[in-house]
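Take a look at the structure below.
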Amino acid sequence: MSKNRRRKPRGRHSSVRNVPLRTHWLLLSTLVLTLSAALLLQGYTQHMFDTTADGAPRAQSPAGAVPAQIATGGPVIEGAAARTAEPADHAIALTFDDGPDPVWTPKILDVLRRNDVHATFFTVGTQVAAHPDLARRIVAEGHQIGLHTFTHTNLGAAPAWRRSLELRESQLAIAGATGVTTPLLRPPYSSTDDALTDADWSAVVQAGQEGYLTVLTTQDSEDWRRPGVARIVANATPTGSDGQILLMHDAGGDRSQTVAALEQLIPKIKAAGYHFGTVSDAVALPTPVRAATATDHWQGLALITALRTSDWVLTLLSWLLWAAGAISVLRAVAVLVAARRHVKMRRKPWGRTVTEPVSVIVPAYNESAGIEAAVRSLLASDHPVEIIVVDDGSTDGTADLVESLRLPGVRVIRQQNAGKPAALNTGIAAASCNLLVMVDGDTVFEPDAVRMIVQPFANRRVGAVSGNAKVVNRGGLLGRWQHIEYVVGFNLDRRLFDLAECMPTVPGAVGAFRREALLRVGGVSDTTLAEDTDLTMALCRDGWRVVYEERARAWTEAPASLGALWKQRYRWCYGTLQAMWKHRGALTQRGQAGKLGRRGLLYLLMFQVLLPLLAPVVDVFAVYGLVFLDPVRVLGLWGAFLLLQVLMGLYAFRLDKERAGPLWSLPLQQFVYRQLMYLVVIQSVFTAIAGSRLRWQRMERYGSLRVPAGAPALGGPAAGTVPPGLELAQSWVEAAHGTVPVPSPSAFRSGPPDASTWAPGRST
């Protein structure tokens with residue numbers, strides 16, 4: 001795309017809103033923060049979940065700090081007061097840990113209902129949030145509900161802040177699902193009171209200070225081992241008359257043996273004279289479960305909603321991640337295959353050599369830093385040229401500078417500032433030749449660039465040609481990154497577009513056009529900020545081929561600061577979106593227009609709009625993977641993606657005959673430059689959706705362009721001498737054209753000529 005900056009165009013744009021974009025950044029920040037919060041919540045609940053088996057061996061830990069009355073007391077402990085309670089004789093409290101589970105909890109509840117037994121369920125907070133209907137059923141059927149932490153974590157090994165978080169979040173999940181709160185807590189991996197360690201006791205004391213009663217066990221059915229129904233029944237059958245708090249499980253694996261054992265155990269224990277009840281019934285506690293406050297209930301509902309949303313977000317992100325990966329690989333394969341075929345295709349000549357002279361139009365607005373180098377490089381061309389510099393109301397003396405050079409064959413046209421499209425149309429109207437080259441005022445041509453870029457016009461179907469723009473100021477990381485982008489991104493894409501006959505953009509820095517084609521589409525439009533893309537799409541829709549000639553090389557200045565780069569790419573992207581919307585009708589057209597619509601526009605939509613919109617999501621998910629998933633696997637995937645980028649870079653640099661040295665900075669480019677370009681696309685899409693519009697922005701000039709060797713010396717050539725290319729151009733124009741009618745600017749405003757008088761493909 002071109003880089004010549006202008007003040008805002010006049011005309012139909014005046015009715016479009018020009019509003020601050022802070023709202024867009026606020027929305028984007030909110031979305032990213034919300035996504036990050038959802039992934040953080042998902043990562044904590046799913047990947048911090050302790051799945052260690054209940055009976056797994058535990059390291060020997062000291063227990064000297066555990067009070068003697070606790071170690072030898074009852075299983076229900078008030079930690080803050082160091083008091084205990086034990087069940088009454090012949091009282092059995094059935095307790096179930098780790099649920100609720102969508103398969104086994106309902107079956108256990110059915111068994112309890114049939115036997116008219118109430119039990120206590122110590123539930124895991126994440127399971128309650130995932131299955132709130134089961135938690136409600138537990139409470140509704142008269143059972144007691146308790147806490148088993150939020151992620152089944154070992155409280156004794158957890159820091160104090162996490163203990164509080166685990167208990168609070170688990171309590172909120174229960175309050176949101178059932179409308180009640182409970183002080184009953186069973187720490188995961190706990191057993192009898194005489195097995196408490198110092199770390200366990202610390203957790204019990206902290207829980208007591210926060211209002212919780214710790215409920216341990218006196219008898220373990222060991223159903224978690226799945227030893228068989230008979231063994232579970234034997235383990236769970238009490239001996240003597242002492243009351244028991246019996247440990248069983250309704251989740252954490254296959255609990256079919258537990259369900260079958262309950263069917264035998266309950267009648268057997270009842271027959272032995274025991275009575276079943278909840279924990280509070282067994283130890284004669286006042287009713288511990290109470291109605292939740294409105295605040296806790298709504299906070300709990302919000303937590304459950306957040307957890308379910310995070311589950312949905314993670315699922316969606318997983319699909320998007322696979323989609324983004326597939327799209328990236330598809331694009332890489334497509335551009336590499338297309339580039340190889342393009343090389344073979346370009347080995348065939350276009351036709352007979354094109355020798356007719358060319359009018360070179362240089363629109364200029366405050367280009368004094370580079371205009372001399374640009375003009376002198378054009379005069380050094382080995383092809384006949386006339387040069388028209390259209391000064392669009394510059395305030396830095398650009399026109400005066402060009403005139404002071406006194407270069408033959410260089411015309412300067414001054415006009416009031418009206419925008420780049422108007423300047424180009426002025427140059428087109430003043431041109432003497434049928435082949436036109438448009439070049440920015442900050443671009444230097446190689447001596448054979450003009451000759452190379454017009455050779456495709458030997459084919460009468462060709463209406464425009466894209467040249468090969470190269471970055472001249474490659475110093476520093478930012479320069480290298482843009483150099484890589486031009487070679488690997490822009491030029492590989494152009495080869496693909498050329499092969500598919502759907503070129504969407506002839507860059508303003510180096511492009512050639514057939515005069516007839518420009519007249520047919522009405523010249524250069526000012527209805528978008530990407531006038532080069534708009535013009536190219538208009539030519540495709542009019543039936544013209546637009547091709548890429550990589551041998552036509554020109555050197556252009558790239559932005560040297562992140563701020564300048566942002567402004568440039570923001571305008572490019574926004575203007576491209578405008579042009580895509582303007583030419584959306586190509587999607588349903590046939591012929592050359594249909595190729596643009598169904599190939600070019602869809603490619604731009606997929607790889608330059610949708611993929612960048614997904615990229616921040618992928619990056620956030622990658623960070624999520626490093627923290628919560630297998631970091632080796634995540635780094636491996638990232639390394640594979642980077643390797644693919646490097647291979648593409650090596651091939652593209654080889655095609656462009658560039659040294660591969662700058663590719664060492666490619667990994668760094670992924671962390672800074674790539675994210676900046678994604679944000680540009682996101683901001684542009686937000687701007688377009690909001691109906692705002694951008695002003696023309698002038699890019700800084702750095703004076704990095706140099707007058708090429710062989711160009712006319714400073715101050716103009718000696719009297720009576722004319723550059724060879726210019727002399728040939730003047731003689732050709734006089735011989736071939738005689739008096740060439742020059743159309744006025746009104747020719748473009750009145751629309752293209754009657755299509756029936758001339759069509760692409762007709763012989764001259």
Side-chain angles (χ1 to χ4, degrees), residues 1-2 12-13 16 327 330-331 334-335 338 342 421 424 438 456 459-466 490 492-508 511-514 516-548 571-613 681 684-685 687-689 693 748 751-756 758-761:
M1 293 186 183
S2 70
R12 72 175 68 181
H13 280 304
V16 183
I327 290 174
L330 177 64
R331 176 183 179 273
V335 296
H342 187 267
L424 288 171
M438 299 180 187
N459 185 330
R460 290 294 301 168
R461 292 183 59 221
V462 174
V465 184
S466 168
F490 299 162
L492 279 183
D493 277 348
R494 288 192 181 107
R495 293 176 188 273
L496 174 64
F497 290 140
D498 189 2
L499 195 68
E501 299 185 17
C502 60
M503 185 78 67
T505 303
V506 171
F513 301 85
R514 197 183 293 274
E516 297 93 334
L518 294 175
L519 289 173
R520 284 172 58 87
V521 299
V524 183
S525 171
D526 65 352
T527 57
T528 72
L529 292 184
E531 78 290 328
D532 43 11
T533 300
D534 187 2
L535 175 61
T536 307
M537 291 183 178
L539 292 172
C540 288
R541 295 188 68 186
D542 195 47
W544 294 98
R545 274 287 312 276
V546 180
V547 300
Y548 173 52
R571 185 179 63 81
W572 284 10
C573 184
Y574 183 80
T576 299
L577 290 175
Q578 287 180 309
M580 290 171 64
W581 181 254
K582 177 179 177 180
H583 296 285
R584 63 190 183 278
L587 289 167
T588 59
Q589 291 182 280
R590 296 182 178 180
Q592 195 63 45
K595 294 177 182 178
L596 169 70
R598 290 181 291 278
R599 298 177 186 176
L601 294 186
L602 291 180
Y603 184 93
L604 292 177
L605 179 65
M606 181 176 294
F607 297 114
Q608 295 190 20
V609 178
L610 295 181
L611 188 59
L613 290 176
V681 175
S684 300
V685 171
T687 305
I689 293 174
R693 77 168 179 83
F748 301 103
D754 185 359
S756 63
W758 192 90

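By convention here, the first residue in the shown sequence is residue 1. In what follows, every heavy atom counts, from backbone to side chain, and hydrogens, waters and symmetry copies are set aside.
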CZ of R520 to CG of L539, rounded to nearest 0.5 Å, is 10.0 Å
Residues passing the side chain to side chain contact (heavy atoms under 4.5 Å, CB included) test with K582, sequence neighbours excluded, are S525, T527, T528, D534
**Request:** Please check if the side chain of R545 supplies one atom and the backbone of E501 the other of a donor-acceptor pair under 3.5 Å.
**Result:** no
Shortest non-hydrogen pair, D532 vs V506, comes out as CB-O, 3.2 Å
Rounding to 0.5 Å, atoms CG (L604) and CG (D493) come to a distance of 8.5 Å
Taking every heavy atom of P504 against every heavy atom of T536, the minimum-distance pair comes out as O-CB, 3.3 Å
Correct closest heavy-atom pair for W544 and R460 would be CZ3-O, 3.5 Å
One should read off an interatomic distance between L596 CG and M580 CE, to the nearest 0.5 angstrom, of 9.5 Å
Any donor and acceptor pair, going by atom type alone, linking the side chain of Q592 with main-chain N or O of V546 inside 3.5 Å?
no
For R331 and F607, the nearest pair of non-hydrogen atoms, with its separation, is CB-CE2, 3.4 Å
task: For the pair D542 (side chain) and V521 (backbone), establish whether a donor and an acceptor sit closer than 3.5 Å, ignoring hydrogens and angles.
output: no
Those residues at least two apart in sequence (or on a different chain) that pass side chain to side chain contact (heavy atoms under 4.5 Å, CB included) with A593 are R541, Q589
Checklist entry - So W572 and F490, would you call those rings parallel, tilted or perpendicular, with 30° and 60° as cut-offs? => result tilted
Interatomic distance, CZ@R590 vs CZ@R598, rounded to 0.5 Å, equals 9.0 Å
Determine, step by step, whether L577 and V681 satisfy the side chain to side chain contact (heavy atoms under 4.5 Å, CB included) criterion, reporting the C-alpha distance in whole Å, the side-chain angles of both residues, the deciding distance to 0.1 Å, and the verdict.
CA-CA 10 Å; L577 290 175; V681 175; over 6 Å; no
